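A short worksheet on the structure shown next.
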Amino acid sequence: MAVVVAAVSLTLCVTANVVVGTVQGGDQVPFLVNALTITAAGTATVLAVVAELHERLNARITALTEFLITRLNELDHNAGDRNTGFVEGYLLSRGQESAVVPIGPRLHGRRAVLGGDD
């Protein structure tokens with residue numbers, strides 16, 4: 001859209017200068033009209049360039065994100081297998097099934113001080 005605005009503004013500026021110069025016998029278009037059309041064309045051109053750069057940056061970030069997700073999934077898959085194999089190998093090397101032993105309260109040898117002097 002910005003490119004169209006720039007093209008139309010420049011076309012209007014040139015056309016107005018040609019028509020006024022040839023039809024009215026060499027008069028000039030007012031400075032304000034020329035300044036407005038050139039400013040509009042310049043602003044539209046800058047806007048078009050910034051929009052294109054933004055689009056390219058967005059595409060690169062999207063590609064980088066997809067690559068990172070793929071790589072992290074691959075690393076997670078490999079690391080998960082290695083850790084599982086390590087734990088299973090360790091347990092098999094001990095020659096026994098590991099049992100879950102609950103940690104019970106150890107009351108002997110400890111005293112609780114609830115205040116006051118002992």
Side-chain angles (χ1 to χ4, degrees):
M1 189 66 167
V3 173
V4 172
V5 170
V8 169
S9 295
L10 286 177
T11 304
L12 287 175
C13 182
V14 170
T15 304
N17 283 321
V18 168
V19 168
V20 169
T22 57
V23 172
Q24 293 187 2
D27 289 340
Q28 292 183 352
V29 177
F31 175 75
L32 183 63
V33 174
N34 283 334
L36 285 175
T37 55
I38 291 175
T39 302
T43 304
T45 303
V46 168
L47 184 63
V49 169
V50 168
E52 177 64 25
L53 291 176
H54 182 269
E55 190 65 33
R56 286 183 183 187
L57 180 65
N58 194 20
R60 282 187 176 199
I61 289 174
T62 301
L64 180 64
T65 303
E66 289 174 359
F67 171 76
L68 186 62
I69 289 171
T70 303
R71 183 69 179 138
L72 287 175
N73 286 337
E74 179 184 318
L75 288 173
D76 183 44
H77 178 71
N78 290 339
D81 289 343
R82 278 191 217 131
N83 290 338
T84 303
F86 175 76
V87 171
E88 289 174 357
Y90 175 75
L91 292 176
L92 289 175
S93 70
R94 297 204 30 132
Q96 63 185 14
E97 291 290 324
S98 63
V100 177
V101 179
I103 298 177
R106 299 184 323 192
L107 297 177
H108 63 284
R110 288 193 180 178
R111 294 185 315 170
V113 177
L114 298 175
D117 295 337
D118 282 337

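Position 1 is the first residue of the sequence, and the numbers go up from there. Every heavy atom of this structure was used, including side-chain atoms; hydrogens, water molecules and symmetry mates were not. Computed from a predicted structure; not experimentally measured.
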What donor-acceptor contacts under 3.5 angstrom involve side-chain atoms of residues 40-51, with partners at least two apart or in another chain?
unit_1	atom_1	unit_2	atom_2	d
T43	OG1	T39	O	2.8
T45	OG1	A41	O	2.8

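- L57 meets the side chain to side chain contact (heavy atoms under 4.5 Å, CB included) test with I61; sequence neighbours excluded.
- Residue pairs meeting the salt bridge (charged side-chain N to carboxylate O under 4.0 Å, His left out) criterion with at least one member in residues 34-53, sequence neighbours excluded, are E52-R56.
- Cluster partners of L32 are L36, counting Ile, Leu, Val, Met, Phe, Trp and Tyr whose side-chain heavy atoms approach within less than 4.5 Å, directly or via other members.
- Distance OG1/T37 to CG/L10: 7.5 Å, rounded to 0.5 Å.
- Each side chain to side chain donor-acceptor pair (under 3.5 Å) pair with one or both residues in residues 1-10, not counting sequence neighbours, would appear here, but there are none.
- Taking a 4.5 Å side-chain heavy-atom cut-off between Ile, Leu, Val, Met, Phe, Trp and Tyr, the cluster of V4 extends to V8, L12.
- At least one donor-acceptor pair under 3.5 Å links the side chain of N73 to the backbone N or O of I69.
- In the hydrophobic clustering, where aliphatic and aromatic side chains (Ile, Leu, Val, Met, Phe, Trp, Tyr) are joined below 4.5 Å either directly or transitively, L64 stands alone.
- For residues 62-72, the salt bridge (charged side-chain N to carboxylate O under 4.0 Å, His left out) pairs, not counting sequence neighbours, are R71-E74.
- Think of V18 as one node in a network of Ile, Leu, Val, Met, Phe, Trp and Tyr side chains linked at under 4.5 Å; its network also takes in V14.
- Of all the heavy atoms in V29 and N34, the pair that sits closest is O-ND2, 3.9 Å.
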